[in-house]
Amino acid sequence: MLVVLGGDGFLLYCLHEMLDRGVSKPVYGLHLGTVGFLMNGGDEDVPIEQRVRNAHRVSVRPLEMQATTRS
């Protein structure tokens, strides 16, 4: 499992790195940045280990596009 601490940009960077390297493992994102709508909030009263254990699995597939020119 990969626990990403930071903001949305860092989470996306880590996901792209895993895709580029052919690595597939669960990722838990903990918001420590400025935006963070993709990340889990930081509840100071609950230890990170418990938050990861209680996390719900969500499958994410990157968007893919194919383009064809007239030529």
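A salt bridge links Glu17 with Arg21: at least one charged nitrogen is closer than 4.0 Å to a carboxylate oxygen.
A 4.5 Å side-chain heavy-atom check between Cys14 and Leu2 finds at least one atom pair inside the cut-off. Contact of the Pro26 side chain with the Arg57 side chain is registered, since non-hydrogen atoms from C-beta on lie closer than 4.5 Å.
Partner Met39 forms a side-chain contact (heavy atoms from CB on, under 4.5 Å) with one of Asp8, Leu5, Leu30 and no other, that one being Asp8.
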Exercise for review: Check step by step if side-chain contact (heavy atoms from CB on, under 4.5 Å) holds for Val52 and Met1.
Suggested key: CA-CA 10 Å; Val52 170; Met1 169 176 279; 3.1 Å; yes

Practice item. Please test Leu11 against His31 for side-chain contact (heavy atoms from CB on, under 4.5 Å), starting from the C-alpha separation and ending with a verdict. Key: CA-CA 9 Å; Leu11 174 66; His31 176 246; over 6 Å; no

Practice item. Could you walk me through whether Val4 and Tyr28 pass the side-chain contact (heavy atoms from CB on, under 4.5 Å) test, one step at a time? Key: CA-CA 6 Å; Val4 178; Tyr28 181 87; over 6 Å; no

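Linking Ile, Leu, Val, Met, Phe, Trp and Tyr whenever their side-chain heavy atoms come within less than 4.5 Å puts Met18 and Leu12 in one cluster.
Taken from CG in Leu38 to CZ in Phe10, the straight-line distance is 14.0 Å, to the nearest 0.5 Å.
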